[in-house]
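So that the names make sense, note that chain A is the first sequence line, chain B the second, and so on, each numbered from 1. All of these numbers come straight from a predicted model, not from anything done at the bench.
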Number of protein chains: 2
Amino acid sequence: MATGRTHRPATRSRGIPEATVARLPLYLRALTALSERSVPTVSSEELAAAAGVNSAKLRKDFSYLGSYGTRGVGYDVEYLVYQISRELGLTQDWPVVIVGIGNLGAALANYGGFASRGFRVAALIDADPGLTGKPVAGIPVQHTDDLEKIIKDDRVSIGVIATPAGAAQQVCDRLVAAGVTSILNFAPTVLSVPDGVDVRKVDLSIELQILAFHEQRKSGEETAAGDGALPAAVTPRDDADQGPDGDVPAVMPA
Amino acid sequence: MATGRTHRPATRSRGIPEATVARLPLYLRALTALSERSVPTVSSEELAAAAGVNSAKLRKDFSYLGSYGTRGVGYDVEYLVYQISRELGLTQDWPVVIVGIGNLGAALANYGGFASRGFRVAALIDADPGLTGKPVAGIPVQHTDDLEKIIKDDRVSIGVIATPAGAAQQVCDRLVAAGVTSILNFAPTVLSVPDGVDVRKVDLSIELQILAFHEQRKSGEETAAGDGALPAAVTPRDDADQGPDGDVPAVMPA
DNA sequence: CCATCTTTGTGCACGCGTTCACAAAGACAT
DNA sequence: ATGTCTTTGTGAACGCGTGCACAAAGATGG
């Protein structure tokens, strides 16, 4: 039933791998910086360093777009900026609605990176009548009742959900029903959407927990002689009374 | 030189795959919800549906932690909550500092999901002297000058960077020098960190661009007879004057 | 105690993504 | 025109992640 699918499974639209698509914005950012410094060309090695990836990976990524480099020279910065922008669809206008204007929603509305690349905040929507009409980031907040009308009038296809978890699925359903086919979800919930709708999630809590996992590993490495690596800069956190398997919780399985 | 590495390459600490670690918080969230409804046990099928993943994947994920299920019955909810929490390191206290108290930093400070699972906002730090002392989310903002002291006094090992892009690398360097070994980066920049330091990034702009890519694909599918899927609900966006390869940019490569 | 039924745990195969390593291609100097 | 030097583009191998499909394990009922 495709509930909560985040990365798309294997639809790979025209041959550009999903992993490559996810890196294109990174390259674009690095290239834009070079462009502003009027750098004419760049080698895969330099650009890869700027984007924080392997140079072979970068070359293979670009090879999916076509042969835009010149051997012995590198890539033309301006040309590549245009090609990647076009491939990502950033040469057109993407109206975006943000639903849920709390702390996070307001921060997103104020975020400059939005407007920079083809994205335009078409509307801010919140369920709180007290907010209706109040400007946030220069845009008046509209009430949830008008959600469908806003989506349709402005032909919005991308929605950002920044509501509490409890409201997210309902908002999502309404967005999709009104015609939104891409959703960026900040609410800590798994969203169910029909086929043909893309969902990407940004989950602060999950990221922190992943960091905590690795952090814990760095601290407690008593048992099992180290498998190499783990060189320096490890604060030796003294109170490591967290037995690797010792104590049992109050509750036991039947 | 390991610059800007996000997912760790292949260090796989004790056999738990990175992909599994990334899903554990998802399972934990679903299990916590079940726990609050006093559900005693859950099958892999049910839990997988709640977490939005394949049931076989979930079972394999759990198998890396050990054999915590009972065949014919399922998994004990409370026990699994504890085991996953322990594995993720959430049974201990993780002091976190947030650097950069702008719109986003303030939103993060107010985010409840922080405190819920072992994470504690130890300090808010900003370079603006005008902010120093002012409470945000009930915590007084401290000045960047005291960053090192705060990190060391509170034994902080996780830092959240919510500064503008220009300041991020510098803040990162100071955090790392002071002893932070895990960083969650919200600034749109590639961070360079020494080995042994984990960086995860949350980049709104990148997520939107990935969505735009797929959105563009949904709209313009003139050439190349569809490879199946893509059934309905596609707004037929009329003005598709974006030739798949036709027009050339103003700037051409040499 | 045995049969049946449910659900876990996992062997296996497949596909995607990454990386190495190198041949091909072009720039540039002589 | 020829040779050298740089850098791209990619074939091939490898490893990780995913999902199928099934045997093993235990619960449950007679």
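For B/R23 and D/dT18, the shortest distance from a side-chain N or O to OP1 or OP2 is below 4.0 Å. One finds no side-chain N or O of A/K60 lying less than 4.0 angstrom from the OP1 or OP2 phosphate oxygen of D/dT10. A sub-4.0 Å separation between OP1 or OP2 of C/dG9 and a side-chain N or O of B/Y75 is present. Checking the phosphate oxygens (OP1, OP2) of D/dC20, a side-chain nitrogen or oxygen of B/N54 falls inside 4.0 Å. A sub-4.0 Å separation between OP1 or OP2 of D/dT8 and a side-chain N or O of A/S44 is present.
Remark: P of C/dT7 and NZ of B/K57 are 22 Å apart, rounded to the nearest angstrom. Remark: C1' of C/dT7 and CG of B/L58 are 12 Å apart, rounded to the nearest angstrom. The nearest whole Å value for the distance from the CG atom in B/L80 to the C1' atom in C/dT8 is 13 Å. The distance between atom CZ of B/R59 and atom P of D/dA25, rounded to the nearest whole Å, is 16 Å. Atom CG of B/L47 is separated from atom P of C/dT8 by 10 Å (rounded to the nearest Å). Following rounding to the nearest Å, B/E45 (CD) and D/dG19 (C1') show an atom-to-atom distance of 13 Å. Here C/dT18 presents its P atom at 9 Å from OH of A/Y64, a figure rounded to the nearest Å. Rounded to whole Å, the distance from CD on B/E18 to P on D/dG15 is 19 Å.
Of the two residues contacting DNA chain C, namely A/D61 and A/V73, the nearest-nucleotide position lying further toward the 5' end is that of A/D61. Nearer the 5' end of DNA chain C, as judged by each residue's closest nucleotide, is the contact made by A/A56, out of A/G72 and A/A56.
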Pair B/E18-B/R23, salt bridge (charged side-chain N to carboxylate O under 4.0 Å, His left out): steps then yes or no: CA-CA 9 Å; B/E18 191 59 30; B/R23 281 188 293 268; over 6 Å; no

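The closest donor-acceptor contact from the side chain of B/S43 to the backbone of B/E46 lies under 3.5 Å.
Taking a cutoff of 4.0 Å between a charged side-chain nitrogen and a carboxylate oxygen, A/D203 and B/R29 qualify as a salt bridge.
If you check every strand for non-hydrogen atoms under 4.0 Å, B/S67 touches sugar and phosphate atoms only.
Side-chain contact of B/T20 with B/D61: a donor-acceptor pair under 3.5 Å is present, judged by distance alone.
Partner of B/F62 under the ring pair (Phe, Tyr, Trp, His ring centres under 6.0 Å) criterion, chosen from B/Y75, B/Y79, B/Y68: B/Y75.
Judged by distance alone with a 3.5 Å cut-off, a donor-acceptor contact links the side chain of A/R71 to the base of D/dT8.
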